[in-house]
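First comes the structure, then the notes that go with it.
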Amino acid sequence: MQLRLNLAGEQTENNEAEAKVADARKRQADAQEANAEPLEEAWGRIMRSKSYANNQAKMDAVKQAMFSGELGREDGAKGKFSAAEALRLYKYLAEQKREERLRDMAESVPDNYWLVTDEASLTELTHILDDEKEIVFDVETTGVNVWRDRIVGHVITAIQADIHAYIPTKHKTDHPQLDNEYVVKTLKPYYENPSLGKLAHNAKYDIHMLDRDGVDLRGLTWDTQEAMRMLNENEPSFALKPLVTKYLDIQSEKYDELFGKNTGFDEVDDLQVALAYAAKDGDVTRKLRDFQREHLARFPDILEYYTSVEVPLIHTVAQMEMTGFDIDLEYAKEYGAEIKAEIDRLYAELIDELGDINLNSPAQLKPALEAATGETLESTDAKKVLKPLKKKHSVIAKLLDYKDNFKLYSTYINALPELVDERTGKLYTNFNQNGAKTGRFSSGGSGVNLQNQPKKARKLFTAPKGYVILGGDWSQQEYRCLAYFSQDPKLVENYEKGHDLYASIASEVFEKPIEECGDGTTYRSQAKVIMLAVAYGGGPNMLKDAIGIDKKEAQKFLDNFFERFPVVKQWVEENQKYVKKHGYVWMDRNQRKRRLPDAKDRSANGHYSAVFTQSTNARVQGSAAIQTKVTMNELQSLCDRKTAEGNGEWRLYCVVHDEALVLVPETITRQDVKEFEDVMVNTYIFGNIPNATDLEFYRRWGVGISIEEWFNDKKTTVN
DNA sequence: ATTGAGAGCCAC
DNA sequence: AAACGTGGCTCTCAAT
């Protein structure tokens, strides 16, 4: 869509507006004459309609415009004014407002917003940059997909000089503009200069886009989006405009509302409009940073953590995302066909038994299943409801089998190959370094979440030729964190002596000698779940579902645990007390908070609330996430160092909470593995609790090869 | 056709 | 005495 703008008629604008009003009045009069219903009456009728209630804000805008005479009825409108017509008029009104707004923007560009479209101006800008310590940068693009879209212009704010420049390079316009290659070449030394500080909002996006143009951005000092996640993880939106409106009281329209949802910025043909919009982002990003820095200064530990861990992590994560994933398409095809055949077979058999229903519809499935089994089902939840009935009814066993296969096929095996990028042949995902409110990563955005790939799907992820994946899994990361926080002597001793934690817990909780609680015993696996329940703040309901026992027994296990580990119990209670009093809890070394304001309110009426379990869980989960993040930055340094040694490229590959993977040349040595392990184990330690990590090689992710096995096989192949 | 809520289920 | 953490994707189903 091209934007229709007429900026030539500045002087005639008033006349135009007057003419518009006159025209509207005339049409309104014509229409009223046609059906003789006064506007007041028509609106009185519409306001009683359901449509009005559903679209009140829009309707009110139309109503106001009609009563003020700005807006009349539709062209050629006949008969009674209807709610449907009012809604159509809203669209017309919104479009008018939009065009008016764009005109205003173009006409009221501040003097310190520079449109740079010739070499002399760009040179002048670079001279200003030579004197700057810190700049804001932002790239405008054809869209929001970093793997597909391209840069169409650069925003640079020179903070000291208070100059906000927009350098368009690929706008579809008759206006002259500089060539992108020339601009990139000119700005590259500034973008890549680590001692010229850079601010941005969602810098990872711009880092990716610049990388596409061969620029390795360095010197990032502040990201206003990530900073906001430090200041308030409960913020409803982390987009620049809502934040600026909320905290700086600077109004700004959303991109979609100004330019349309699927409009690339290159389609903005009026460069004054482009300047007004783009340069403002640079301007407000700097203001937002100043605001955030002032507030974070009150929490020096958070500020220190933010600048030393979160900010460098942005570059680390961008590097990791750029690595991408090789997907074994052949294998996916074969394996997919196999699963599909199994799904079809099971489907046919199930339809025979249950009738012609949609097995994926819980609403249809529940009654059909009840009829076939004679059971009364609470839901069709596989884990909770169906699994316990699996042995009793073969149809349920079959259905569970079907569900497993269907999920595996539709979400993973069949879906992954579809998501491979045609340009590079790799699969990409987005990692959000503060996607979870606890500070954990989330992943997804392009249809693939790398953090919930089942083992069977991980087999599709292969190392490229000449490379192998090296993975490290922190052993019991969150429980070590729990031991550290609580300082429970039994837990601490367990980790200091390197004993089997689950066996120790089983022995305590079930009062059995440790010999009966070793690997593979039910006691041990149940102890594992109990520990999980404790760390996640789970109660008896969660535990009973997890191990398939009744609630009473689950409660007994929990009681036993807390009786045997009273220090853990005390620590959990302290967290609850703390959150009740303050409305938040701290992560490890006060690096960040988890704000749970409901805890303060709820305490007034004495009800137990989810925030109490969250208060313990957030501390454990959030502190573990800090360990992962600090270590990731070190792993990135290790990769850079190893790559610089010249024996092939090392790259960060993926992170899944307590698991970090790197892609390394298959010529990797035992000494290299030792260095990787050192980084995993020694970068971030929870006080007196040592870390441990399980290392494995993968040709296919999920099919582990032990370190010994790898090097022994190597020897035989080399010889 | 597109959108949003809810159910369900994958991971740690 | 109670009580169950953090995400994202696919599917259905109903509403535009």
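Since we're looking at a predicted model, the values are computed, not measured. Below, read A as the first sequence line, B as the second, and so on, with proteins coming before strands; counting in each chain starts at 1.
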Practice problem: Give a yes or no on whether the ring-centroid distance for A:Y653 and A:F325 is below 6.0 angstrom. | Solution: yes
Rounded off to whole Å, could you give me the [atom1]-to-[atom2] distance for the [X] and [N] pair?
{"X": "A:L450", "N": "C:dG7", "atom1": "CG", "atom2": "P", "answer": "18 Å"}
{"X": "A:L419", "N": "C:dC9", "atom1": "CG", "atom2": "P", "answer": "10 Å"}
{"X": "A:E233", "N": "C:dG5", "atom1": "CD", "atom2": "P", "answer": "16 Å"}
{"X": "A:E573", "N": "C:dA2", "atom1": "CD", "atom2": "P", "answer": "15 Å"}
{"X": "A:Q453", "N": "C:dC9", "atom1": "CD", "atom2": "C1'", "answer": "10 Å"}
{"X": "A:Q555", "N": "C:dC4", "atom1": "CD", "atom2": "P", "answer": "13 Å"}
{"X": "A:F612", "N": "C:dA3", "atom1": "CZ", "atom2": "C1'", "answer": "11 Å"}
{"X": "A:R592", "N": "C:dT6", "atom1": "CZ", "atom2": "P", "answer": "13 Å"}

Using a strict cut-off of less than 4.0 Å between a Lys/Arg side-chain nitrogen and an Asp/Glu carboxylate oxygen, indicate whether [X] and [Y] qualify as a salt bridge.
{"X": "A:E310", "Y": "A:R592", "answer": "yes"}
{"X": "A:K204", "Y": "A:E321", "answer": "yes"}
{"X": "A:R98", "Y": "A:E95", "answer": "yes"}
{"X": "A:D500", "Y": "A:R524", "answer": "yes"}

Quiz prompt | Contact interval (first through last nucleotide) of DNA chain B with protein chain A, 4.0 Å heavy-atom | solution = B:dT3 to B:dC12
Quiz item: What distance, rounded to whole Å, do you find between the two C1' atoms, one in B:dC12 and one in C:dC4?
Solution: 16 Å
Practice problem: Sugar-phosphate atoms are those with a prime plus P, OP1 and OP2; base atoms are the rest. Using that split, label each nucleotide of nucleotides 11-16 of chain C B, S or - for protein heavy atoms under 4.0 Å, 5' to 3'. | Solution: SSS---
Practice problem: Sorted by first residue and then second, give each side chain to side chain donor-acceptor pair (under 3.5 Å) pair with at least one member in residues 356-369 of chain A; sequence neighbours left out. | Solution: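 Qualifying pairs: A:N360-A:Y402.
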Quick one: label [X] by what it contacts on the DNA or RNA (base, sugar-phosphate, nothing), any heavy atom closer than 4.0 Å.
{"X": "A:V620", "value": "nothing"}
{"X": "A:A533", "value": "nothing"}
{"X": "A:T616", "value": "nothing"}
{"X": "A:N541", "value": "base"}
{"X": "A:R619", "value": "nothing"}
{"X": "A:D404", "value": "sugar-phosphate"}
{"X": "A:G444", "value": "sugar-phosphate"}
{"X": "A:Q621", "value": "base"}

Practice problem: Applying salt bridge (charged side-chain N to carboxylate O under 4.0 Å, His left out), name anything that partners A:K340, two or more places apart in sequence or on another chain. | Solution: A:D344
Quiz item: Can A:R619 be said to sit on top of A:Y484's aromatic six-ring, NZ or CZ under 6.0 Å from centre and within 45° of the ring axis?
Solution: no
Quiz: residues 548-557 of chain A side-chain donor-acceptor pairs under 3.5 angstrom, not counting sequence neighbours:
| residue | atom | partner | partner atom | Å |
| --- | --- | --- | --- | --- |
| A:D550 | OD1 | A:K552 | N | 3.3 |
| A:D550 | OD1 | A:E553 | N | 2.9 |
| A:Q555 | NE2 | A:D559 | OD1 | 2.9 |

Self-check item: First of A:K551 and A:H657 reached from the 5' end of DNA chain C, by closest nucleotide
Solution: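 The residue mapped nearer the 5' terminus is A:K551.
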Quiz item: What residues form a side-chain contact (heavy atoms from CB on, under 4.5 Å) with A:R88, not counting sequence neighbours?
Solution: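 With neighbours one apart ignored, the set is A:E74, A:A84, A:E85.
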